[in-house]
Amino acid sequence: QVQLAESGGGVVQPGGSLRLSCVASGRTVSTYHMAWFRQAPGKGREFLAAISWSGGSPLYADSVKGRFTISTDTPRNTVNLQMNNLKPDDTAVYYCNGDQNWANYYVDYASDSAVWGQGTQVTVSL
């Protein structure tokens with residue numbers, strides 16, 4: 001099983017930018033697709049973006065397309081989420097995700113084998 005660790009969260013003003021990173025470790029890292037989710041208080045888990053380690057053809061939720069960019073630094077087993085033009089509604093705990101089935105990201109996400117990081121808090125506020 002892969003272990004995931006997020007970092008980069010913090011407090012930022014509306015319109016600002018933040019970059020999150022997720023370091024993956026474990027002997028099966030290469031068999032996982034990577035993604036970012038978030039969860040705000042009182043809300044469900046929300047899919048944001050997914051990518052394979054090759055870096056090609058990332059998938060984005062409509063809510064963040066054009067503002068967020070997912071990327072990989074494959075030699076370092078790291079996936080990043082660059083977040084621009086942040087809004088107060090972006091305030092949430094952001095989670096790194098690993099899944100061996102890419103098709104799961106096209107549905108209301110529920111995987112019996114997903115791997116999750118511990119989460120990193122992002123707060124968008126004046």
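Residue numbers count from 1 along this sequence.
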Atom [atom1] of [X] and atom [atom2] of [Y]: how far apart are they, to the nearest 0.5 Å?
X: L59; Y: W102; atom1: CG; atom2: CH2; result: 5.5 Å
X: T120; Y: L81; atom1: OG1; atom2: CG; result: 11.0 Å
X: D99; Y: D112; atom1: CG; atom2: CG; result: 8.5 Å
X: T123; Y: L86; atom1: OG1; atom2: CG; result: 11.0 Å
X: N85; Y: S17; atom1: CG; atom2: OG; result: 8.0 Å
X: N77; Y: Q3; atom1: CG; atom2: CD; result: 11.5 Å

Do [X] and [Y] share a hydrophobic cluster (ILVMFWY, side-chain heavy atoms under 4.5 Å, transitive)?
X: Y109; Y: Y94; answer: no
X: V29; Y: L4; answer: yes
X: L20; Y: V23; answer: no
X: F68; Y: I51; answer: yes
X: V2; Y: F37; answer: no

**OP:** Apply side-chain hydrogen bond (donor to acceptor under 3.5 Å, both in side chains) to Q82 and N80, showing your working.
**Re:** CA-CA 6 Å; Q82 178 67 45; N80 300 311; over 6 Å; no
Original post:
Just by distance, with hydrogens left out, do T28 and Q100 show a side-chain donor and acceptor under 3.5 Å apart?
Top reply: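 T28 vs Q100: no donor-acceptor pair found between side chains.
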Original post:
Given H33 and N101, is the side chain to side chain contact (heavy atoms under 4.5 Å, CB included) satisfied, shown in steps?
Top reply: CA-CA 7 Å; H33 311 286; N101 186 1; 6.0 Å; no
Original post:
Between W116 and Y95, how do the two ring planes meet: parallel, tilted or perpendicular, split at 30° and 60°?
Top reply: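 The rings of W116 and Y95 stand perpendicular, inter-plane angle above 60°.
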Subject >> S21 side chain to S7 backbone, donor-acceptor under 3.5 Å >> reply: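 Pair absent, no side-chain N/O of S21 close to backbone of S7.
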Original post:
So, F47 versus Y105, ring centres under 6.0 angstrom or not?
Top reply: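 For F47 and Y105, the ring centres are under 6.0 Å apart.
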Original post:
Of all heavy-atom pairs between M34 and C22, which one has the smallest distance, and what is that distance?
Top reply: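 In terms of heavy atoms, the two residues are closest at CE-SG, 4.3 Å.
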Subject >> Under the side chain to side chain donor-acceptor pair (under 3.5 Å) test, residues paired with R76 that sit two or more places apart >> reply: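 If we apply the side chain to side chain donor-acceptor pair (under 3.5 Å) test to R76, skipping adjacent residues, the hits are D73.
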